[in-house]
Structure formats: C-alpha cells, structure tokens
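Contents: one structure, followed by commentary.
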There are 2 protein chains.
Amino acid sequence: MKWDALEEEPCSLARTIAVIGDRWTLLILRECFLRVRRFEAFQASLQITRHLLSERLKKLVRFGILRRVPYQEAPKRYEYILTQKGLDLYPVIMAMVHWGDSHMADERGRPLLHEHRNCGKLFDPVMVCSECGEVLRAKEVHVHPGPGRRAA
Amino acid sequence: MKWDALEEEPCSLARTIAVIGDRWTLLILRECFLRVRRFEAFQASLQITRHLLSERLKKLVRFGILRRVPYQEAPKRYEYILTQKGLDLYPVIMAMVHWGDSHMADERGRPLLHEHRNCGKLFDPVMVCSECGEVLRAKEVHVHPGPGRRAA
DNA sequence: TCCAGTAAGTTCCTTTTTGAGACTTACCGT
DNA sequence: ACGGTAAGTCTCAAAAAGGAACTTACTGGA
C-alpha cells in the first residue's frame, strides 16, 4: 500500500495516518507546538536531515497543516506556522504525550509538565464523550457504519 | 536518528512515536480495537505483507501492547490481544479518527459513527483538562520542564 | 571590492526499510 | 496420500531515509 492509497481509504484513521503517520512529521509538529517556526531551527532541534525536513514541510503545507509565510524580503525567507487544521492536531499530540508519560517514563519521571492556564493546575489530558462528558473507554463505544463508508 | 534512539529521548512524544509512530503499527492497532486478533485476519483486512505484519506484531508484543495467546494446540496457534497498555492507546486512535473526520472526510461524510453506550448517543471525542474539565486548547497550555528532562 | 557568515534549500550517493510473492511447518479431514 | 488451513519465513527488487557537500541570495565588515 502506498501513501496516496491510504488517503483514499474509507477510514478516518487511515486518512490521518496518510498525513501525519510518520516519525518525522509528528516530531516536526511537536516543534511547531513548541513555537518553532524556521527551517534552521527545526533542523537543529530535531537532527533531521535537511533533505527530509524540506520534504516533510512541503507535505505539511500541501495538506494545509502549516502555512509558509515570508518573514523577510531580500533574501526572501519563510517560516512555517500552524493553521487551524494544524492546531486541531493538538489532541492527537497530547494523547500521545500522555500515553508516553504513563507507559514509557523512566525512573526520573516526566520530561515535561503541562499547566492549564485557565485553572492554574498541572493536568493530564482526558478524553471524554462530547454528549455526556464521561471518560471514554474502548469497551463502552460501539461503532456503526456511517454515510462515507464505501461498500466492501 | 534511529528508532532505538527515539526511545531514549527525554520526550514522551518521541517515546510514543518509537512504539506506534509508523503507518502499519497504527493500522494494526485499529484492527485490534475492531476485535481482529489473528494473523490471517490482519493480513486479509490490511493488505500488509506477511513479512511486515510478522515484524510489527513482534514489536507490539515486545513493547507490551499486545499479548500473544495460544488459542489452539496441535498445531499451536496464537492470537494477539490488547493489553491494558494497548487499550490505553484508545485516546490516541480516537483523536486521530476525529481529526480525520473533521478535516479529511469526503462529501459523503464520515466512514464510521461512534455511539457511547453509557449515554446512547453518537458522539465526538473531546479532550479536557483532568483538573477543571474544560476543553483543552494549545494556547492555554503552558509547558514546564519536569523531573525527567535531561540537561541539554 | 572581496570575504565570511547566514538561512533555506537541493543534489548525490549509500544504507535501511518496504513490498511482492513464493516457500515452510505442522497439523486436519477425506 | 492429498488438498486445505494458519502462521510464519525467505529472497530479491523497489522505495525511502541518512549523510554530507553544494547552491543561491543576500548582509555586514575589512
């Protein structure tokens, strides 16, 4: 299966994977959420090869997750800013960070702590039902075919 | 950067990516959450090569996300079951599905709908703060170094 | 004017990872 | 003994990633 084929699958997970389902893309997005914007800065903090970084940034721009915005003329230079579509990936990143915190931390504890400005407390992200607000568990969710399901 | 190096990074996102940060692993997990358990069944529904499927299943077992459980003797056959560590990836998968539903759906709408058994309604997953219950937004979260941060 | 420096890429070549598909092992039922 | 099934393994070609030097377009200083 090729990457483009994934995008066409009648499955929202597959389509998301087609966009962010590789190692470097996810790490680049981490940097974006930490306010990194420029090519050299991404390269320095990630140790990614310039070649791949260039490719991945183009892909993220193509999918509308980053916007390439000039920050100086002569010589023309651009920086990469998260769009709303990109900002909407925050729950994905946070869910992954939280799983890593819970299951992959070493004896010293978490690398980063998160503070919610609105309440001022250190928190964990929790996924709840939009309708009743209860914490979601896999066993309590039932899946139905939706309108966009292609016939098998 | 190699995969093993990622695992050692002082970053929970990097550590999570080291485990589930590739295309096939995420798709295999989708099948697991849809109650697929056996080699042939994974292979048939994903069109993954047997070679890679075998490798990825081993990796997931090695990381404690799946358990390899015999379901028949003579000839000995095994199936793959999500552990609690694996079940805890549910928010990650749901966050990705929801992003795909929001940003990658075609005109026909969502491929799948989710029903929350506890309240009986079709829902979207929402990520909230564990302390105050408010919806989380990237701009309202402040990051602090934690005890596990390695000195740069 | 010439040189060093900076930022953002691009190019070339090697190594690693995937992909496609046949082959293997261990059994069953007929 | 033969065909079928389930879970892998093996081989080889194709695609992707890694490493490092090169390019372009400027600035500021000697």
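Order of the sequence lines fixes the chain letters, A, B, ..., with proteins taken first and strands second; residue numbering starts at 1 for each chain. For clarity, every value in this text was computed on a predicted model and none was experimentally measured.
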> With Val92(B), which of Leu29(B), Ile20(B), Val97(B) fulfils side chain to side chain contact (heavy atoms under 4.5 Å, CB included)?
Replying inline: Ile20(B)
> Does Trp24(B) have a side-chain nitrogen or oxygen under 4.0 Å from the phosphate oxygens OP1 or OP2 of dT17(C)?
Replying inline: no
> Has the side chain of Arg77(A) got a donor or acceptor atom sitting under 3.5 Å from an opposite partner on the base of dA7(C)?
Replying inline: yes
> How close or far is atom C1' of dA17(D) from atom CG of Asp22(B), stated in whole angstroms?
Replying inline: 14 Å
> What class does the angle between the rings of Phe33(B) and Tyr90(B) fall in, given that below 30° is parallel, 30 to 60° is tilted and above 60° is perpendicular?
Replying inline: tilted
> Under the side chain to side chain donor-acceptor pair (under 3.5 Å) rule, what pairs show up with a residue in residues 127-138 of chain B, not counting sequence neighbours?
Replying inline: Asn118(A)-Glu134(B)
> Nearest-Å distance, CD (Gln72(A)) to C1' (dG5(C))?
Replying inline: 14 Å
>> How many whole angstroms separate atom CZ of Arg23(B) from atom P of dA15(D)?
In response: 13 Å
> Of all residues at least two apart in sequence or in a different chain, which pass the salt bridge (Lys or Arg N to Asp or Glu O under 4.0 Å) check with Arg67(B)?
Replying inline: none
> Tell me: CD of Glu73(A) to P of dT27(D), nearest whole Å?
Replying inline: 12 Å
>> For DNA chain D, which residues of residues 37-70 of chain A approach it to below 4.0 angstrom with any heavy atom?
In response: Thr49(A), Arg50(A), Leu52(A), Arg56(A)
>> Using ring-ring contact (aromatic ring centres under 6.0 Å, His included), reason through His144(B) and His142(B) one step at a time and then give a plain yes or no.
In response: CA-CA 7 Å; His144(B) 302 279; His142(B) 199 79; 5.2 Å; yes
> Tyr80(B) side chain N/O closer than 4.0 Å to the phosphate oxygens (OP1, OP2) of dA6(D)?
Replying inline: no
> Between Tyr71(B) and Arg38(B), is there a cation-pi geometry (under 6.0 Å to ring centre, at most 45° from the normal)?
Replying inline: yes
> Can you find a side chain N or O atom of Tyr71(A) that sits less than 4.0 Å from OP1 or OP2 on dA8(C)?
Replying inline: yes
